[in-house]
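This report refers to the structure that appears directly beneath it.
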Amino acid sequence: MAEQSTTGTAGSGYDPQKIEAKWQKRWAEERVFETEADPSKPKYYVLEMLPYPSGTLHMGHMRNYAIGDVVARVKRMQGFNVLHPMGWDAFGLPAENAAIQNNTHPRTWTNNNIAEFQTALRRFGFSYDWRREISTCEPEYYRWNQWFFLRMLERGLAYRKKSRVNWCPKCQTVLANEQVINGGYCWRHEDTLVESKEIEQWFLKTTAYAEQLLDDLKQLEGGWPERVILMQKNWIGKSQGAKVKIAVADVPGVESIEIFTTRIDTIYGATALILPPAHPLVSKLLEGSPARAESEPKLAKMRQASVKTEDLATMEKVGVFTGRYAVNPFSGEKMPIWVGNFVLMEYGTGAIMAVPAHDQRDFEFCKKYGLPIRVVIQPLEGEPLVAGKMTEAFEEHMQGKLVHSGPFDGLSPAEAIAKMTAFAEEKSFGRGETIFRLRDWGISRQRYWGTPIPVVYCEKDGMVPVPDRDLPVLLPPNPKLTGEGESPLATDPEFVNVRCPKCGGPARRETDTMDTFVDSSWYFYRYCDPHNDKAPFDSAKVAYWFPIDQYIGGITHAILHLLYSRFWCKVMRDMTLINHNEPAARLFTQGMVQKGGVAMSKSRGNVVGAIDMAEKYGADTGRLYTLFAAPPEKDLEWSEESIEGSWRFLNRVYRLIERHAVSVRGAKDWNEDPKGLSEKERQLVRITYQTLARVTQDFDKRWHFNSAIALLMELVNEIYAHEPLEQGVRSEIQREVLSMVTLMLAPMTPHLAEELWEMLGHSDGLWNAHWPMLVLEQKELMREDEVEIPVQVNGRLRGKVKAAAGAGEEEVVKLALADPAVAHHVDGKRVVKKVFVPDRLLNLVVA
RNA sequence: GCGGGAGUGGCGGAACUGGCAGACGCGCAAGACUUAGGAUCUUGUGGCCGAAAGGCCGUGGGGGUUCAAAUCCCUCCUUCCGCACCA
């Protein structure tokens, strides 16, 4: 089979190697995919997430791009001015690690990979405008990262602070919160626990946009997958509540502790105040406390316990009493201050009040340590709660009314929250506050292969931004890479030692580089104007192309990349560089290609290389198969067996058209005149247009590429069934039908389609052809004049009758009763009800 | 635990708003052509009963709504993904 594609003896002349090379050359010569902003034409921006060039390009990548290419090609055929670019996410850790291992330069490694990826993508004939190719590791790109950084610095959106960060001992670098996975592991080294370390870091103030990032998700509804929106929502994690200062009794140096709660209405039920073991006040509280001797060893043990969050959720609650008391600002009651392992330092104020009656976690904790439980909200219905008899907390949010809450008794929780928050504000021991789970984005990386952060540190002037005119701050060409210790840039004195841009005195450069998610946060803007050396892009060009009409990528980027991109977009909007709120109107998350039940990846050794695939079957077969084997949103299990089906189909189409090439070559265009069609012509034309209508729907509305292909297979089977076409089918109609097949195939198997198009005698390339639109005459031709109507008796299929399209109930019933099988089931019974759906179904209900 | 998907032949998967379940493809079986075929073409292929006609069962399990349910409702199970003590 496949081998014969190279020897060309498969009983047909389909030779993908030859055909694909031929047409790729033609497309390049004719500059078919090169595009410019043109306000007189409707635009369509379709984009696949840019790849990180590492290892081999495999069929998992390829599927992603095949999906995008179908969309690009269909839109182009439908008359849109299509922007479909490709580039490389070229900075990153693997390049650096590979360089260390192979004693080479990250740039060499990266550029080799890029070359390999490019070859593979070109081999598949994707319709990219290659003039717009970008590579994020080039100074012409990353200088704009630096430029944006400086703008953010000016706007107070970039800042530096000493902070506890995630440190991966293997990467020897800081990880963003988002890069810590599975509750405490490095995203690259899934077996390595992330440690905590304190260093000076640069941050971008994503939290300044928390509210907008959340609100604007509404604008994405319908266009983005629901689950992505949800994941972002959870990640941003807005919650409304109040911060309350709780006075501490008799502890020198500790006046009060601030807690955060969403349920201030339950504060009369607070019977303890709980701090996490890492809380800075814990040691002060213990100092001189009567409980010190007993509690300190226990506390030490708690601090040693696992920090894995996956364990945290199921871990038993443990606590120690500090021996100290706090005073409830509402009731004036004293409550003990405890340390509890279930309280999160990072969330809220890092301290909570425990309301055991109305919070399950507090309930478990207080029950275990014998702390009192006090009901302050009674349910509206059913038995009133009795503290001693409760087996779980009464948590039903916003249900019930307040009791034992002083002047607030009788209020609903909602009313109480408003009044009690106001009271706390009035007495200035608390205030209403909205907090977010979202953190600022730590972008400092102690690595070489990234964008240098453009600031210097001067003894006299402190931190000084590098002036725009000195951009880009270039990476030093020959770093010492060891993969250990501080940033490699710090080891290069020529890079580090500079003059202060302000005073001209001696200064040191910042030696950290930026997180590579910075690169991918705005790259799609650069495609609009990739070689601009005055600005990141021309706003007018961006205004034409944006927003991205269809963005396509893996679900793995549902949070990181997409959230940062949205943030970047909003910052650029506030800088008036752009005038839209969201970068991508529609997002599609395609499924992964798996082999042996797991995603293809080099490290698992289960990749099917794209180039191997192209050499064996050709690019068109590879493209067709990835589109046919599963709907695009679902994972696809690679099967070397089923791909034969796609290969066979293309051969079948080729043979069909090859056989008729001679008879249709001289034929004129058919004028779609329905008069005078023979029955055979009529049938062929009808099914062709029916297929067109459905395939168009599958492409445009439903993205069911797999069923579109199935329809085309059916059509081809049908044409075969009408063989020989030369008998009783005029050559112009043969040509019409075969041309339609070719056009419908074109977005998926573009090379073969061009070849067939030429064989059918079209003088102009298929790239200039339009997607066929069904005109009135064709719709007329599409219509069936006889339909087969299934007949049910009591809901079970008993027969089928042929009737004229649009036949009335009476007529169909008559026909149905004439059917012996139907009659058999109706005989001797009374027809109680007739359900008739014209042209679709008849159901006779008998009793 | 919370949230979101998904469960259809031996396999990948069809079935647009409830209206012929299993399209299309893989695999398998039989046949044709052939020196040969792993090429091509034809036919068959959900299960059970039956020689056949035909009948019954059938979309994870159970229940319901309806003339009619893979599709809608309730409930349970399995599985994948995300978040995970968020106060």
Side-chain angles (χ1 to χ4, degrees), chain A residues 1-4 9-12 181-183 225-231 233-235 237-239 241 259-263 266 274 276 309-315 317 340-344 346-355 358-362 364-365 435-437 555-556 558-559 625 628-631 633-646 648-649 651-652 655 694 697-698 701-702 704 706-714 716-717 720 788-800 821 824 832-837 840-846:
Chain A
M1 37 94 255
E3 284 74 21
Q4 279 155 351
T9 57
S12 101
I181 57 162
N182 299 335
E226 205 184 328
R227 65 169 169 158
V228 173
I229 291 178
L230 218 78
M231 280 160 80
K233 219 177 246 174
N234 291 339
W235 192 264
K238 178 178 179 171
S239 63
I259 58 127
F260 176 79
T261 177
T262 54
R263 296 295 305 274
T266 63
I274 312 179
T309 42
E310 66 193 75
D311 295 343
L312 281 180
T314 50
M315 216 154 75
K317 292 178 176 46
N341 65 341
F342 70 103
V343 181
L344 300 175
E346 312 81 48
Y347 187 74
T349 59
I352 62 158
M353 63 175 187
V355 184
H358 304 290
D359 182 289
Q360 186 58 28
R361 294 156 300 178
D362 299 344
E364 285 165 29
F365 188 84
I435 66 163
F436 293 90
R437 216 180 69 110
I555 186 70
T556 36
I559 297 172
Y625 176 66
F628 178 59
E633 70 278 6
K634 278 186 76 170
D635 288 347
L636 180 162
E637 175 66 27
W638 187 261
S639 158
E640 206 61 40
E641 273 178 349
S642 351
I643 196 165
E644 293 285 337
S646 299
R648 286 204 277 259
F649 171 63
N651 274 285
R652 224 166 121 76
R655 281 196 304 273
R694 295 173 66 186
Q697 262 225 337
D698 277 351
K701 298 214 174 76
R702 307 185 331 147
H704 286 195
N706 55 334
S707 63
I709 294 165
L711 286 165
L712 287 170
M713 287 172 167
E714 277 183 82
V716 169
N717 290 345
Y720 265 94
E788 197 182 51
I789 299 177
V791 180
Q792 300 178 332
V793 178
N794 284 349
R796 335 192 93 194
L797 184 70
R798 296 302 179 185
K800 289 174 184 181
H824 176 251
V832 213
K833 192 173 178 181
K834 293 172 219 163
V835 180
F836 178 66
V837 186
R840 297 212 62 142
L841 168 122
L842 173 69
N843 187 11
L844 300 170
V845 185
V846 299

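In what follows, every chain begins at residue 1, and chains take the letters A, B, ... in the order their sequences are listed. The structure displayed is predicted, hence computed values, not measured ones.
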- prompt: Mind checking the C1' distance from B:G7 to B:G12? Whole angstroms is fine.
  reply: 15 Å
- prompt: How would you label the contact of A:D362 with the nucleic acid (heavy atoms, under 4.0 Å): base, sugar-phosphate, or nothing?
  reply: nothing
statement: Separation of B:A68 atom P from A:N794 atom CG, nearest Å, is 8 Å
query: Using a cut-off of less than 4.0 Å, is there contact between a side-chain N or O of A:S239 and OP1 or OP2 of B:A87?
result: yes
Among B:A87, B:A14, B:G25, the one nearest A:M713 by side-chain distance: B:G25
query: Which base sits across from B:C16 as a Watson-Crick or G-U pair, both distances under 3.5 Å?
result: none
Same-atom distance (P) from B:C74 to B:C41, integer angstrom: 49 Å
- prompt: Once you round to the nearest 0.5 Å, how far does CG of A:L712 lie from CZ of A:R694?
  reply: 11.0 Å
- prompt: Looking at A:N717, does any N or O in its side chain come under 4.0 Å of the phosphate oxygens OP1/OP2 on B:G25?
  reply: yes
message: Using the side-chain heavy atoms of A:K800, tell me which of these nucleotides is nearest: B:U40, B:C20, B:G27.
response: B:C20
field: Partner nucleotide, any strand, of B:G27 [Watson-Crick/G-U, under 3.5 Å]
entry: B:U45
task: Tell which nucleotide pairs with B:G37, taking only Watson-Crick or G-U wobble pairs whose two distances are both under 3.5 angstrom.
output: none
- request: From the options B:G19, B:A87, B:A15, select the nucleotide whose nearest atom is closest to the side chain of A:R840.
  value: B:G19
- request: Under the side-chain hydrogen bond (donor to acceptor under 3.5 Å, both in side chains) rule, what do A:N717 and A:R652 come out as? Steps first, then yes or no, please.
  value: CA-CA 9 Å; A:N717 290 345; A:R652 224 166 121 76; 2.6 Å; yes
message: Are A:E633 and A:P225 packed together at the side-chain level, in the sense that at least one heavy-atom pair is separated by less than 4.5 angstrom?
response: no
query: Taking the six-membered ring for Trp, are A:Y625 and A:W638 parallel (under 30°), tilted (30 to 60°) or perpendicular (over 60°)?
result: perpendicular
message: Closest approach to the side chain of A:R652, judged atom by atom: which nucleotide of B:C41, B:C83, B:C24 is it?
response: B:C41
statement: Paired to B:G22 by Watson-Crick or G-U wobble criteria (both distances under 3.5 Å) is none
task: Please measure how far the C1' atom in B:A14 lies from the corresponding atom in B:G46, and state the result in whole Å.
output: 15 Å
- request: With rounding to the nearest 0.5 Å, note down the distance linking NZ in A:K634 to CG in A:N706.
  value: 9.5 Å
- line: d(A:R227 CZ, A:N234 CG) to nearest 0.5 Å is 13.5 Å
message: Using atom C1' in both nucleotides, what's the gap between B:G58 and B:C49 to the nearest angstrom?
response: 15 Å
cation_pi(A:K317, A:F365) dist<6.0 Å, angle<=45: no
- prompt: A:K317 side chain: which of B:G3, B:C85, B:U40 is closest?
  reply: B:C85
task: Measure from the side chain of A:N706, starting at C-beta and using heavy atoms only, and say which of B:G12, B:C85, B:G13 lies closest.
output: B:G13
Between B:C72 and B:A15 - P atom distance, rounded Å: 14 Å
- prompt: Expressed as a whole number of Å, how far does the C1' atom of B:A23 sit from that of B:G31?
  reply: 25 Å
message: Between A:E641 and A:T349, which residue's closest nucleotide on RNA chain B lies nearer the 5′ terminus?
response: A:E641
- prompt: P atom, B:G10 versus B:G60: distance in rounded Å?
  reply: 13 Å
task: Could you state the atom-to-atom distance from CG of A:L797 to P of B:C20 in whole Å?
output: 9 Å
message: Rounding to an integer number of Å, can you tell me how far A:R648 CZ sits from B:C41 P?
response: 9 Å
- prompt: Contact class for A:F628 vs. all strands (heavy atom < 4.0 Å): base, sugar-phosphate, or nothing?
  reply: base
task: Name the residue closer to the 5' end of RNA chain B, choosing between A:H824 and A:E226 according to the nucleotide with the nearest heavy atom.
output: A:E226
Whole-angstrom distance between B:A30 and B:C77, as gauged at atom P: 46 Å
message: As a test of reading the structure: which of B:C20, B:G25, B:A87 is closest to the side chain of A:P790, going by heavy atoms?
response: B:C20
message: With a cut-off of less than 4.0 Å, is there a side-chain N or O of A:R796 near OP1 or OP2 of B:C67?
response: no
- request: For A:T261, answer base if it contacts any base atom (sugar-phosphate contacts may also be present), sugar-phosphate if it contacts only those atoms, and nothing otherwise; contact means non-hydrogen atoms under 4.0 Å.
  value: sugar-phosphate
message: Tell me whether the side-chain N/O atoms of A:H358 come closer than 4.0 Å to OP1 or OP2 in B:A87.
response: no
- request: For B:G9, measure the glycosidic angle (O4'-C1'-N9-C4 for a purine, O4'-C1'-N1-C2 for a pyrimidine) and name it syn if it falls within 90° of 0, otherwise anti.
  value: syn
query: Closest to the A:N341 side chain: B:G55, B:A87, B:C85?
result: B:C85
Nucleotide opposite B:G1 in a Watson-Crick or G-U pair, distances under 3.5 Å: B:C83
query: Could you give the CG-to-P distance, from A:L842 to B:G19, as a whole number of Å?
result: 17 Å
task: Taking only the side-chain heavy atoms of A:A630 (C-beta and beyond), determine which of B:C26, B:C24, B:G13 contains the nearest atom.
output: B:G13
Atom-to-atom span, CG of A:L230 to P of B:G4 - whole angstrom: 7 Å
- request: Considering just the side-chain nitrogens and oxygens of A:R437, establish if one lies under 4.0 Å of OP1 or OP2 belonging to B:A84.
  value: yes
field: Nearest-Å distance for atom pair CZ/P, residues A:R702 and B:A14
entry: 10 Å
message: If I take atom CG in residue A:L636 and atom P in nucleotide B:G12, what distance separates them, rounded to the nearest angstrom?
response: 11 Å
query: With A:T266, which of A:V355, A:D362, A:D359 fulfils side chain to side chain contact (heavy atoms under 4.5 Å, CB included)?
result: A:V355
task: Find the distance A:E637:CD to B:C26:C1' and express it as a whole number of Å.
output: 14 Å
task: Check whether the side chain of A:K833 and the base of B:C67 form a donor-acceptor pair under 3.5 Å.
output: no
- prompt: At under 4.0 Å between heavy atoms, what does A:V835 touch on the DNA or RNA strands: base, sugar-phosphate, or nothing?
  reply: base
query: Of the nucleotides B:C20, B:C86, B:G27, which has the atom closest to the A:Q792 side chain?
result: B:C20
task: Could you tell me whether A:R227 contacts a base, only the sugar-phosphate backbone, or nothing, with contacts defined as non-hydrogen atoms closer than 4.0 Å?
output: sugar-phosphate
query: Heavy atoms under 4.0 Å, any strand shown: does A:V343 hit a base, just sugar-phosphate, or nothing?
result: base
Working for side-chain contact (heavy atoms from CB on, under 4.5 Å), residues A:R798 and A:L844: CA-CA 10 Å; A:R798 296 302 179 185; A:L844 300 170; over 6 Å; no
